[in-house]
Amino acid sequence: MPVLAMRDALNQALREEMMRDKDVFLLGEDIGLYDGSFKVTRGLFKEFGEKRVLDTPIAEEIIIGTAIGAAMAGLRPVAEMMTVNFIMVAMDQVVNAAAHIRYMFGGGTKVPIVIRTPGGGGHQLGAQHSHSHENWFAHVPGLKVVAPGTPADAKGMLKAAIRDDNPVMFIENEGTYALKGEVPEGEHLVPLDKNEVKREGHDITICAHSRMLIVAMDAAAELEKEGVSAEVVDMRALRPLDMTPVIESVKKTSRVITVEEGWRSFGVGSEIAARVYEEAFDYLDAPVARIGAAEVPTPYNKRLEKIAFPARADVVVTARALLGKN
Amino acid sequence: MPVLAMRDALNQALREEMMRDKDVFLLGEDIGLYDGSFKVTRGLFKEFGEKRVLDTPIAEEIIIGTAIGAAMAGLRPVAEMMTVNFIMVAMDQVVNAAAHIRYMFGGGTKVPIVIRTPGGGGHQLGAQHSHSHENWFAHVPGLKVVAPGTPADAKGMLKAAIRDDNPVMFIENEGTYALKGEVPEGEHLVPLDKNEVKREGHDITICAHSRMLIVAMDAAAELEKEGVSAEVVDMRALRPLDMTPVIESVKKTSRVITVEEGWRSFGVGSEIAARVYEEAFDYLDAPVARIGAAEVPTPYNKRLEKIAFPARADVVVTARALLGKN
Amino acid sequence: MKVEQRPAGSQSREALSDRATLLGLYREMLLIRRFEEKTAEMYQMAKIGGFCHLNIGEEAAIVGTISALRKEDYVYSNYREHGHALAKGVGAKAVMAELFGKETGTSHGRGGSMHLFSQEHRFYGGYAIVGQALPLACGTAYAIGYRDKPEVVMSIFGDGATNIGAFHESLNVAKLWHLPVVFVCINNQYGMGTAVKRASAVTEIWKKACAYDMTGESVDGMDVLAVRRIADQLVAQARDKHEPSLLECVTYRYRGHSMSDPDTYRGKDEIKEWQGRDAILSLAAHLQKQKLASQDELQKIDEAITAEVEEAVKFADESPEPDLKDLYRDVYAGEGN
Amino acid sequence: MKVEQRPAGSQSREALSDRATLLGLYREMLLIRRFEEKTAEMYQMAKIGGFCHLNIGEEAAIVGTISALRKEDYVYSNYREHGHALAKGVGAKAVMAELFGKETGTSHGRGGSMHLFSQEHRFYGGYAIVGQALPLACGTAYAIGYRDKPEVVMSIFGDGATNIGAFHESLNVAKLWHLPVVFVCINNQYGMGTAVKRASAVTEIWKKACAYDMTGESVDGMDVLAVRRIADQLVAQARDKHEPSLLECVTYRYRGHSMSDPDTYRGKDEIKEWQGRDAILSLAAHLQKQKLASQDELQKIDEAITAEVEEAVKFADESPEPDLKDLYRDVYAGEGN
Ligand SMILES: Cc1ncc(C[n+]2csc(CCOP(=O)(O)OP(=O)(O)O)c2C)c(N)n1
Ligand SMILES: Cc1ncc(C[n+]2csc(CCOP(=O)(O)OP(=O)(O)O)c2C)c(N)n1
Ligand SMILES: [Mg+2]
Ligand SMILES: [Mg+2]
């Protein structure tokens, strides 16, 4: 199977869907002539032209709103937000419009749009370019929210998202665009509502999504050296939140760690923990341990930033503690 | 002690703080000449004039942004967002600016603003006027978030919020503006970081804030008739989230219900539940039961809307189930 | 209302002296007036809940603009849209049923007064966030160009909406991308209780088009013929040249902002003054002066409309409530619901 | 840099022929040029991280506008603000230290290149969300009026920022509320890789002021004297009459958008052409032609500035990193930190 970087897997998904369906078009800032600030749309402007790869002004409300209005008229827009932080200026379009339109109009229309955007930090971009907000979107009925952590899932979920009839928040991560992995060629679809065990184990369950999936896998590898068998569940499907593989896993391990790149309080881990207790209370030997970013606006300084985000060591140490090892 | 409606208690707090400190001013849509769409600012325009009670255009980014810039220059603005739903168009100003400015500038400045806004539904206002988002704000470092449920707390917390040096999200509720209660005259301050037992009990703990506090108190009264002694903890302080009274209570009751007006998934109850397990795991006899709004964009139809929001009966039934009563 | 009776869209100026057209305009304005009067009555009787914003006084602005459209053209509106939906051809029954929250309503009772919608009539909805629908209108207009259709989008909003960011972002791309949109500002002098001059640095809304090098026009929103004439031009310009425009209709709402508005921010005589220029009475006078219709005929039209509105109320009243088990229906598309 | 050597603010036109003023302007532009060249070098050496946006090419626009301010006036900027901070009087050491992420930086290393700040110099910060700071500038200007102070706020942003909603909302209230603000648009022809004409329906940015009935001016941003003259007028207008304005400075960034920009969207000759009109070289020629300064003197100034920048680098390099235990410091005010 060909090995691709995440950004190229995403690019391939976009290209294939644009070739498959002429109603699919892209819009966003500098996605065309500039080839995209993270190069996910590289070459598509040249190949498909400015009508199907629309460069927009710096006006996020217009990007989302145009996508919604075009979708209601039958097209399938894929909007890029340069980073999730900028969606804050267009939150009304995402929540009050995209997510609610179908229901508030009694099903009279639908809004098949995909909003692609990288979240996460770790690049010294400071307090206004480094955050994650998937927990916010996952809270909203009407939205679907996914956050793949491998190139193959990125391609398969993006293709599925473009074909889905609902607004899909497609969360990418600046820190994984260069991540390489095997990616099936052509028609490869990954469901938007299925989470998956990415590594089997029986001592402890680690739940993570997006870039934190990599961190969790690294931690699991390190734990193995210590004789700890960790099972890693990829929480790529956040809304609807597929808990099945987590519950199955807990029944084996009775210990759970959640890892997310965003702030811990009122985060993704809070919901996963609450669900685990509701659905596997009697299987738990210890409280679910939640790992998230330090609750500070991300600092610029490299060393401060480093300790502000969850790393392999945090997961390993937490796992040891949960297992009562030193 | 005088009995006041919530809106008048809030009005009194604003008036007293404006008299105490000439740097305090109000801004928002129709808060002045129109006396406020929910009449919380009634009479203040007449009394203090248009400089200190500033009517703004319909431009939420300007309302929050003006408050921030004025605060950085030394004033103490109190901004009103007509409803929390409209903050979606100004989320960037709240999160990326107000919450992060102090930290990203290394403490070089501060942003002492209060953003007052009603959340909640139940008035047939439909999908764009009925939601609650306090869980979102409570997720953000740099913000303080409170949601009082009694007129006395409303006055005391608003006065404390105005005197606080940080941006405070002050969540009100359209459904409680007419709620009456005793309100201490003059200097009455309620800390922003202390939750409180509003009703003592020993069988079960009910956590609720804002309008749901009323629902919880009603449910507790009904449960008492059935011989169930419910303790109600007012979660008025959401960030920082004061868990002390909850943990104390759980140690007595070992059963917890959380009630919120917003959607359940990734909500306030998720965080409370996760914290309860982390801090009182061994005391729990059953999973924390979370009650929240049905996960739909709020429907207009009266009967559909009614079943979409948590009511006393939901709490009572849940309590019975937790206690193994029929 | 019977769609075929509506004046056909985009006619030449001459057409506006033609009897059928004038009676059609008269009929539509009167339908809105009677419908809204009845709506107020039903609200008082608590048959209608939530926020309810009436179009009384704005009939000429609404009918003059929307009647210039064809059936295949699109309309995006705000929460003050009962009349906009009626003018675009949505039936009075379906609209009233929506206000009643019934399953037979335009939005199956899920939307209510602020969220009317009709795919069939391309009435693309009432939105309750000020300014929110302008970017959507641009998106639908983009789709029209994308598919090279001879269609137009009309985006209708209030004076207060011209001060919010979405207005600026929308007009800029409409011009930049040559979108077939006509932006219609219903300047009824107030945004809730705030007069235009207390909210906008420029009180002549049409002038705001200058920042986008866009056609800007202002018209007496109490004169349906004047409104229709300019609307015909701007709609044709959008359709034929893909040149967007901003049209300000200077008008007035006789009633409060919503049913709960104490209405203390304006003088009674100001209201009287505008009522003195009532668009419906003016057209009635014109029709009689021009011998295009007799007092008697106009009376009959009124009776027919009153009956139509009564029918709508009866229909709404007798229609079924949504089934409670359908609470979750249509949150997501393509899930067997 | 030594603040007392800066040209005093708001001088008369004549002043702009006076030697001290001209040399001051020259010195400031050169400081920015040398500082940014060094910044690029330090970025390559990985002494600086994150996004880094340079002001090279924009010196005349920056110095011409900011030098028209007094010490007590305020400046709000965006993420391309190293030179803006220097021009407002913030020391090169503190700025470079911030780029290095050191505790001695303007923001104690928490902000970095995009978030410089100085309460002392009333440099109210660099903001990394396009358009975000304009409403803040209005708020500070409101506070000035609230306290009746003879101060002014300068809000500086790029051409790309004029298409976002916050720009519209800000200019409207600035005019409506008579705020003492001068909005300065640094039109450097591109927003990242997007040329102005591909993003804005109106390419002459100053014209956008028309929608607010506001003074709009455009000036050659490569001529520091022209910029300074118009800036003096607009600052005085804001200070004395509380009349806001929009000033477009037509200029160019010689380097890419940020250090990571491949810069493939524009021709090399376009860059050459603009460099041919370099503001610093032009002023140097002018100074010599007018016999206000000799080649030799200018050489000395350059040496002094180069030394000052070297000193700044040394200071930044030797400064301590923030203490890791201070990670949570300053998240909240008034908590003993
Ligand atoms: C973003 C936003 N802010 C505030 C409101 C509350 N609100 C609803 S209607 C209205 C006034 C709008 O005035 P205008 O645009 O002139 O329309 P009109 O009601 O006069 O027809 C306001 C402030 C809202 N719905 N959305
Ligand atoms: C709201 C928002 N959208 C997008 C971005 C990403 N971005 C950063 S700078 C920039 C270009 C800004 O161009 P301009 O305003 O002309 O300023 P310049 O960089 O040319 O000085 C963009 C798109 C952002 N920071 N904020
Ligand atoms: Mg109005
Ligand atoms: Mg630029």
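By convention in this document, chain letters (A, B, ...) are assigned in the order of the sequence lines, proteins followed by strands, and residues within each chain are numbered from 1.
The choice from A/Gly262, A/Ala286, A/Ala90, A/Ala97 that makes the most heavy-atom pairs within less than 4.5 Å of chain B is A/Ala286. Contacts with chain B were tallied for A/His100, A/Met91, A/Met104; A/His100 has the most, counting heavy-atom pairs under 4.5 Å. Looking only at heavy-atom pairs under 4.5 Å with chain A, the residue among B/Ala99, B/Gly142, B/Gly267 that has the most is B/Gly267. Of the listed residues (A/Ala138, A/Gly126, A/Ala273, A/Gly106), the greatest number of heavy-atom pairs within a distance under 4.5 Å of chain B belongs to A/Ala138.
Only the side chain of A/Glu61 comes within less than 4.5 Å of a heavy atom of chain B; its backbone N, CA, C and O stay farther away. Contacts between A/Leu241 and chain B at a heavy-atom distance below 4.5 Å involve the side chain alone, from C-beta outward. At a 4.5 Å heavy-atom cutoff, the contact between A/Val95 and chain B is made by side-chain atoms alone. For B/Ala289, no part sits under 4.5 Å from any heavy atom of chain A, backbone or side chain. Of the two parts of A/Arg239, only the side chain, counted from C-beta on, holds a non-hydrogen atom closer than 4.5 Å to a non-hydrogen atom of chain B. At a 4.5 Å heavy-atom cutoff, the contact between A/Val268 and chain B is made by backbone and side-chain atoms alike. For chain A, no part of B/His129 is nearby; none of its heavy atoms comes within less than 4.5 Å. Contact annotation for A/Asn301: neither backbone nor side-chain heavy atoms come within less than 4.5 Å of a heavy atom of chain B. Both the backbone and the side chain of A/Val140 come within less than 4.5 Å of a heavy atom of chain B. Neither the backbone nor the side chain of A/Ala294 comes within less than 4.5 Å of any heavy atom of chain B.
A salt bridge links A/Arg290 with B/Glu278; the closest basic N to acidic carboxylate O contact falls under 4.0 Å.
Panel note: side chain A/Glu271, backbone B/Ser270; no donor-acceptor pair is recorded below 3.5 Å. Checked by atom type and distance alone, the side chain of B/Ser249 never pairs as donor or acceptor with a backbone atom of B/Pro245 at under 3.5 Å.
For the residue pair B/His139 and A/Ser265, no side-chain donor N or O sits within less than 3.5 Å of a side-chain acceptor on the partner. Checked by atom type, the side-chain pair A/His209/A/Glu134 shows a donor-acceptor distance below 3.5 Å.
Taking the six-membered ring for Trp, A/His131 and A/Trp263 have ring centres closer than 6.0 Å.
Between B/Ala293 and B/Glu261, the shortest heavy-atom contact is CB-O, 3.2 Å.
Here CZ of B/Arg320 is found 12.5 Å from CG of B/Leu322. Values are rounded to the nearest 0.5 Å. Once rounded to the nearest 0.5 Å, the distance linking SG of B/Cys207 with CE of B/Met243 reads 6.5 Å.
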